[in-house]
Amino acid sequence: MTRTCTATSTAPPEVVWALMAQPARWSQWAPHVRGAWGLGSPEVEAGRRGAARLLGVLPVPARIDAVDPGRSWAWSVGPVHLVHTVEPTSAGCSVSMTIDAPGPLMAAYAPVVALFTHRLAAVAARSTG
């Protein structure tokens, strides 16, 4: 199952990109992610394997599948595949997260992805203004 969540931000695309592509900054908009390692530094790098620490306890294996610098990146976290995208607009940018997951995980995680897509857009806008 696949679902795309989209939000708009008044922040420039490069501000959103820095927040979404730098693992050290993920907790600023996704507080359930308490760290990540092996995925690239300062930004995610295609082909890297590592883990993301969820809820401060659980390390979940992750792999960066693809990166289009400044535009999008995709990763697999356990059985879930996520694509993060930022696109410029006349008023700032559009932020999207596409999730592909088995049915039960989709039902549980899609609302969280929607929430954090909007949170990322808002945190980026506040940081510029």
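One-based numbering along the sequence shown.
The two residues Pro79 and Leu105 make their nearest non-hydrogen contact at CG-CD1, 3.3 Å. Annotation for Cys93 and Ala11: closest pair SG-O, 3.4 Å, computed over non-hydrogen atoms. Nearest heavy atoms, Ser94 versus Thr89: N-CG2, 3.8 Å. The two residues Ala51 and Leu39 come nearest to each other via the heavy atoms O-CD1, 4.0 Å. The shortest heavy-atom contact between Pro12 and Thr128 is CD-CG2, 3.8 Å. Contact detail for Leu19 and Trp26: the closest heavy-atom pair is O-CD1, 3.4 Å.
With sequence neighbours excluded, the residues satisfying salt bridge (Lys or Arg N to Asp or Glu O under 4.0 Å) with Arg71 are Glu87. With sequence neighbours excluded, the residues satisfying side-chain hydrogen bond (donor to acceptor under 3.5 Å, both in side chains) with Arg63 are Asp65, Ser76. In terms of the ring pair (Phe, Tyr, Trp, His ring centres under 6.0 Å) criterion, His81 has no residue partners (sequence neighbours excluded). In this structure, the salt bridge (Lys or Arg N to Asp or Glu O under 4.0 Å) partners of Glu45, at least two apart in sequence or on a different chain, are Arg48.
Within the structure, side chain to side chain donor-acceptor pair (under 3.5 Å) contacts touching residues 32-42 (residues at least two apart or in different chains) are His32-Tyr109.
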List the atom pairs, with distances to 0.1 Å, where a side-chain N or O of residues 114-122 and a protein N or O form a donor-acceptor pair under 3.5 Å, not counting sequence neighbours.
{"residue": "Thr117", "atom": "OG1", "partner": "Val113", "partner atom": "O", "Å": "2.7"}
{"residue": "Arg119", "atom": "NE", "partner": "Trp29", "partner atom": "O", "Å": "3.0"}

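Atom-to-atom distance recorded for Ile99:CD1 and Met106:CE is 5.0 Å, nearest 0.5 angstrom. In this structure, NE2 on His84 lies 14.5 Å from CG on Asp68, to the nearest 0.5 angstrom.
Under the 4.5 Å side-chain heavy-atom criterion for grouping Ile, Leu, Val, Met, Phe, Trp and Tyr, Val15 is not connected to Val123 through any hydrophobic cluster. There is a path of hydrophobic side-chain contacts, each under 4.5 Å, that joins Trp75 to Val80. When hydrophobic clusters are built by joining Ile, Leu, Val, Met, Phe, Trp and Tyr residues whose side-chain heavy atoms come closer than 4.5 Å, directly or via intermediates, Val112 is not grouped with Val83.
Inter-residue side-chain proximity for Leu54 and Val33 is flagged as met; some heavy-atom pair is nearer than 4.5 Å.
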